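Reckoned from all heavy atoms, side chains included, excluding hydrogens, waters and symmetry mates. Predicted model only: the values in this text are computed from it and were never measured. Throughout, a chain's letter reflects where its sequence line sits, starting with A, and its residues are numbered from 1.
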Number of protein chains: 2
Amino acid sequence: MVDTDPVPRGQRADARRNRDEILAVARDVLAEQGTQASLRDIARRAGVGLGTLYRHFPTRDALLETLLREGFDRLARLAETLRETHAPDEALARWLQALAAGAGAYRGLPSSLAAALGEPGSALGASCRALRDAGARLLLDAQERGLARQDVTGEDMFALVGAVASIAEPGGPFADRRDHLVRVLLDGLAPPAPPPPPACHA
Amino acid sequence: MVDTDPVPRGQRADARRNRDEILAVARDVLAEQGTQASLRDIARRAGVGLGTLYRHFPTRDALLETLLREGFDRLARLAETLRETHAPDEALARWLQALAAGAGAYRGLPSSLAAALGEPGSALGASCRALRDAGARLLLDAQERGLARQDVTGEDMFALVGAVASIAEPGGPFADRRDHLVRVLLDGLAPPAPPPPPACHA
DNA sequence: ACCTGAACACCGTTCAAGT
DNA sequence: ACCTGAACACCGTTCAAGT
């Protein structure tokens, strides 16, 4: 368990206050404008110089990562819990629904996450890779018991869930179809139907 | 059949030449940089003033639409052909593969198309809606014969294919998995497995 | 009729100057 | 140690001035 970029202790009081205010404002602005929101706008609305925002969050991803860390950690823990308490196919189904909800929290978030996934140095990318691996373990469980198709990888599955989340972004026309579209994906991940049993009186 | 924005006849020779050059350059630049490429850059490389680009293509969508029209028309015709020559499920499978290829021709294209789909005045949006409707007809055929699940609409399906295309964009890590991921989606669109026949000697 | 590029209002990012 | 905002290099978009 890596703890990247913990809340800096021993900050000056004004620094601490600025950081908190930036995060609070960013949450609102991202909810309104999506992950491509203007950083200038966030600084402005937080009553802070633009350089202050950059000092606390040197990249847009760093800001996103801080906003999402809590939810992402929860998702990683959820995967473990479901693994212990449910059959592999059911665990996979529930977890992918939760993942779609988390990855689609803001407009533009799925594609931000997909982009970060590749970036080697990005803390946000590291969080994504951790989630992807947690999902891959659930998938493997299901595959080992014949409850998921064999020709799909954890990478495939993570990308597919992100894709579904991206068409069901908040505010969009498919927002309230998200669960259903994830269901369609889950059915696609199911193992191929077994051949029918031989007929009687063969 | 609407023919929006046909190639303007009776243009001045220089206008015609500029238009052609812009389109040729745009094809290259979009292939390199995706649909978010700088319009300034396109004008520059076409050896044309920025205003000239805007005169010929008042919006980015208008430029995209002109570039894509041919392929989109071909896709619409393909839907009709497949309808006449194949079983509904096979027609759907082949057409969605072709659609994914077309909608993913450039980086960023799937999300450009999804955005245009909503825009009422956009010619690109109109092209998308035509494709979506062509797909909806294929889906309906399949549904009527029990070859596709009932709880999915043409809108759902079009969005899902676009989503899969967006994760398999050219140059990306999933580019060569596109057909396979579309296959997963197709399996998700299949009707639920019928209950097994009653056992013998019941 | 068409072309041009300067002008405007925005970005993201950096950094010298302040406290 | 931290904050500020001007400065720079880019955008997209518009439009007066040219031919």
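With respect to the salt-bridge test (charged N to carboxylate O, under 4.0 angstrom), the residues A:Arg137 and A:Asp141 do not qualify. Classification of B:Arg44 and B:Asp41 as a salt-bridged pair holds, one side-chain N sitting under 4.0 Å from a carboxylate O. Here A:Arg45 pairs with A:Glu32 in a salt bridge; the nearest charged N to carboxylate O distance falls below 4.0 Å. The pair A:Arg69-A:Asp73 does not meet the salt-bridge criterion, since no charged nitrogen lies less than 4.0 angstrom from a carboxylate oxygen. Looking at A:Asp151 and B:Arg183, no side-chain N of the basic residue comes within less than 4.0 Å of a carboxylate O on the acidic one, giving no salt bridge.
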Next on the checklist: What verdict does the side chain to side chain donor-acceptor pair (under 3.5 Å) test give for A:Arg177 and A:His180, after you've listed the backbone C-alpha separation in whole Å, the side-chain angles of each residue and the deciding distance to 0.1 Å?
Outcome noted: CA-CA 5 Å; A:Arg177 297 226 85 190; A:His180 185 246; 3.3 Å; yes

Next on the checklist: Quick one, B:Ser38 with B:Gln33, criterion side chain to side chain donor-acceptor pair (under 3.5 Å). Give me CA distance, side-chain angles, the key distance, then yes/no.
Outcome noted: CA-CA 8 Å; B:Ser38 157; B:Gln33 309 183 15; over 6 Å; no

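One atom, CD of B:Glu21, and another, P of C:dC3, lie 13 Å apart when rounded to the nearest Å. Computed from coordinates, the A:Arg16 CZ to D:dC3 C1' distance equals 18 Å when rounded to whole Å. One interatomic measurement links the two molecules: CG of A:Leu53 to C1' of C:dC11, which rounds to 14 Å at whole-angstrom precision. Regarding B:Asp14, its CG atom lies at a distance of 9 Å from the C1' atom of C:dA1, rounded to whole Å. Summarising the geometry, the separation between CZ on A:Arg17 and C1' on D:dA1 is reported as 14 Å, rounded to the nearest angstrom.
When the side-chain nitrogen and oxygen atoms of A:His56 are compared with OP1 and OP2 of D:dC3, one or more of them lie within a distance under 4.0 Å. Within the 4.0 Å cut-off from OP1 or OP2 of C:dG12, at least one side-chain nitrogen or oxygen of A:Ser38 is found. Between D:dC2 and A:Asn18, no contact under 4.0 Å exists linking OP1 or OP2 to a side-chain N or O.
We find the CG-CG distance between A:Leu63 and A:Leu30 to be 6.5 Å, quoted to the nearest 0.5 Å. Going from atom CG of A:Leu185 over to atom CG of B:Leu185 covers 8.5 Å, rounded to the nearest 0.5 Å. Put simply, CG on A:Leu139 and CD on A:Glu155 are 10.0 Å apart, with the number rounded to the nearest 0.5 Å.
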Which atom pairs link the protein and nucleotides 13-19 of chain C when you take only N or O atoms and keep those under 3.5 Å?
unit_1, atom_1, unit_2, atom_2, d
C:dT13, OP2, A:Tyr54, OH, 2.8

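Looking at heavy-atom distances under 4.0 Å, A:Ala37 makes contact with sugar-phosphate atoms alone, never a base.
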Checklist entry - Could you spell out the base pairing of DNA chain C in dot-bracket, with Watson-Crick or G-U pairs whose two distances are under 3.5 Å, [ ] crossing and | to another strand? => result ||.|||||...|||||.||

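Within residues 41-49 of chain A, the residues having any heavy atom closer than 4.0 Å to DNA chain D are, in order of number, A:Val48, A:Gly49.
The shortest side-chain heavy-atom distance between A:Gln97 and A:Asp179 falls under the 4.5 Å cut-off.
Minimum atom distance to the side chain of A:Arg55 is reached by D:dC3, of the listed D:dC3, D:dC11, C:dC3.
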